[in-house]
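Read the structure below first, then the notes.
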Number of protein chains: 2
Amino acid sequence: MKTRIGLIDDHQLFLKSLSLMIESFREYEVVVEALNGKDLQEKLQTGTSIPEIMLIDVNMPVMDGVATARWLTEQHPGIKLVALSMNDEDKTIISMIRAGCCAYLLKDTHPTELEKALEEINSKGFYNGDASNVNYRRLIISQDKDQQFKVTGRELQFLELVCSDRTYKQIALEMGIAERTVDGYREAMFEKFKVASRVGLCLEAIRKNLVRL
Amino acid sequence: MKTRIGLIDDHQLFLKSLSLMIESFREYEVVVEALNGKDLQEKLQTGTSIPEIMLIDVNMPVMDGVATARWLTEQHPGIKLVALSMNDEDKTIISMIRAGCCAYLLKDTHPTELEKALEEINSKGFYNGDASNVNYRRLIISQDKDQQFKVTGRELQFLELVCSDRTYKQIALEMGIAERTVDGYREAMFEKFKVASRVGLCLEAIRKNLVRL
DNA sequence: CCCTACCCCGGGAAAATTCCCGGTATCCGA
DNA sequence: TCGGATACCGGGAATTTTCCCGGGGTAGGG
């Protein structure tokens, strides 16, 4: 009896060719392919056989990896979830793990490594590849750090205005507050982000995805 | 005689599984696989057979798609180049076409479409999928606009330093020029990018991918 | 009730940024 | 040999940013 695998990735080429590759492994067969979380929900309803392991891409339109993993953890707790991503940011890994994934694979993993991972997940129930070699302590620390970067609604609004061709005077006007108050926000943000200039703040805000470009 | 295909993509999983898929097409065989342009150069030197069609990922570390395509156009003009990307920005497409690609495929293309594309490239020498339906007029116009944003080496260096927590004094020191000269660069850039502050300049530089975050 | 978190504000001064005026030198291709 | 592009520099001044000092208020939980 082959182990049933499900795949979710928004890139058709990757989805189909990965499917081919997994079929070539002999121990595994692909029973569901979906382009995103929404697509998967529909396909599962039509009575396809439920996979034992689900490989989930993190970056997807419509319903992304985190949301999909969370939904699967809720609705199909029996399925073992594996995050699949090209991005090895701690933040992404942590949120997929928290969403219920028992492994995190990078897209530049070697195929034999993938097979090994699938085996381990099948037997042990989890897999720690080099992507997860990042020790959990560091993950948790960086998670803690991230929490310190939580900003209030007003601060976020300020950050967005900071990331533009505007003077603080204009920002004050736009926020409906005094210039001095804007100073206060700047100082608070400089402190939180450990920067010393508006440009530095601006760059950090973008890096942390608090502001979209 | 099968048509020889070469693949370049930095994601091992995708590379290997796409290779599998193309092998399954029966009319094609994969003769070279590389993780980036540099890797390809090395592999071509070791006397592997030269492919007739090369599929090139656009986003890669070390030596990216554009650079690789340019190099191949120079060194191996016989090879037909196909850009492969998940990103359908006009700018990316145009630069790959200009670098010598005769087709542009998106990674969410369906496998059958890929096969069709390969066939067309083989017979006609080019392929226009829906990604290229974007009319060329618009592409050329946006390209013209982009050309106004070409920057000299020194200006690029300046832009990178601008996008950091540094004062102009420090930038002058780092570039080995007088502070006044830095003023000149700033003024030139403000003019080119139509911005009025360092933050605005910084954001534009990032948006135009002149500076990496 | 106090403590904490968030939000708001005034005034003054040093430092950095922005914008003017002017100038020189080199290299390259028409 | 002439323009044009590139790189370089000085001095002065207005504006903005940055950093201090200080002071309010409200809302919510222990």
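Fair warning: this is a prediction, and the values are worked out from it, not measured in the lab. We name chains A, B, ... by the order of the sequence lines, and we start the count at 1 in each one.
Of the candidates D/dC9, C/dT18, C/dC8, the closest approach to any side-chain atom of A/R154 belongs to C/dC8. Among the nucleotides D/dC9, C/dC8, C/dC6, the one closest to any side-chain atom of B/I177 is D/dC9. Distance from the side chain of A/T181 is smallest to C/dC9 among C/dC9, C/dC6, C/dC20. Closest to the side chain of A/F190, out of D/dT18, D/dC20, D/dC8, is D/dT18. In the set C/dC7, C/dT18, D/dT18, the nucleotide with an atom closest to the side chain of B/R186 is C/dT18.
Of the residues near DNA chain D, A/A196 and B/M175, the one whose nearest nucleotide (by heavy atom distance) lies more toward the 5' end is B/M175.
Atom C1' of nucleotide C/dC8 and atom CD1 of A/I171 are separated by 17 Å, given to the nearest angstrom. Taking atom CD of residue B/E179 and atom P of nucleotide D/dC8, one finds them 15 Å apart after rounding to whole Å. Rounded to whole Å, atom C1' of C/dT17 lies 11 Å from atom CZ of B/F158. What separates OH of A/Y168 from C1' of C/dA15 is a distance of 14 Å, to the nearest Å. In this structure, the CG atom of B/L173 is 13 Å from the P atom of C/dA16, given to the nearest Å. Following rounding to the nearest Å, B/E187 (CD) and D/dC8 (P) show an atom-to-atom distance of 15 Å. Atom CD in A/E191 sits about 15 Å away from atom C1' in D/dT18, given to the nearest Å.
In terms of polar N and O atoms assigned as donor or acceptor, the side chain of A/D183 never comes within less than 3.5 Å of the base of C/dC9 in a complementary pairing.
Judged by distance alone, with hydrogens and angles left aside, the side-chain atoms of B/R186 form no donor-acceptor pair with the main-chain N or O of B/R198 at under 3.5 Å. Under a 3.5 Å cut-off, the side chain of A/Q170 and the backbone N or O of A/T167 do form a donor-acceptor pair. With hydrogens and angles disregarded, a donor-acceptor distance shorter than 3.5 Å links the side chain of B/K43 to the backbone of B/E33.
Under 4.0 Å is where a charged nitrogen must lie from a carboxylate oxygen, and between A/R207 and A/E204 at least one such pair does.
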Do B/R166 and B/S164 pass the side-chain hydrogen bond (donor to acceptor under 3.5 Å, both in side chains) test, and can you show the C-alpha distance, the side-chain angles, and the key distance before you say yes or no?
CA-CA 5 Å; B/R166 265 176 263 238; B/S164 77; 2.7 Å; yes
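OP1 or OP2 of C/dC8 lies within a sub-4.0 Å distance of a side-chain N or O belonging to A/Y185. The side chain of A/R180 contributes no N or O atom lying less than 4.0 Å from OP1 or OP2 of C/dG10.
End-to-end axis angle of the helix from C/dC1-D/dG30 to C/dA30-D/dT1, from C1' rotation axes over five pairs per end: 40° (rounded to 10 degrees).
Relative to the six-membered ring of B/F193, B/K208 misses at least one condition, a distance below 6.0 Å or an angle of at most 45° to the axis.
Here the closest heavy-atom approach between residue A/G65 and residue A/M60 is recorded as N-CE, 3.7 Å.
B/T167 comes within 4.0 angstrom of sugar-phosphate atoms only, judged by non-hydrogen atoms across all strands, and of no base.
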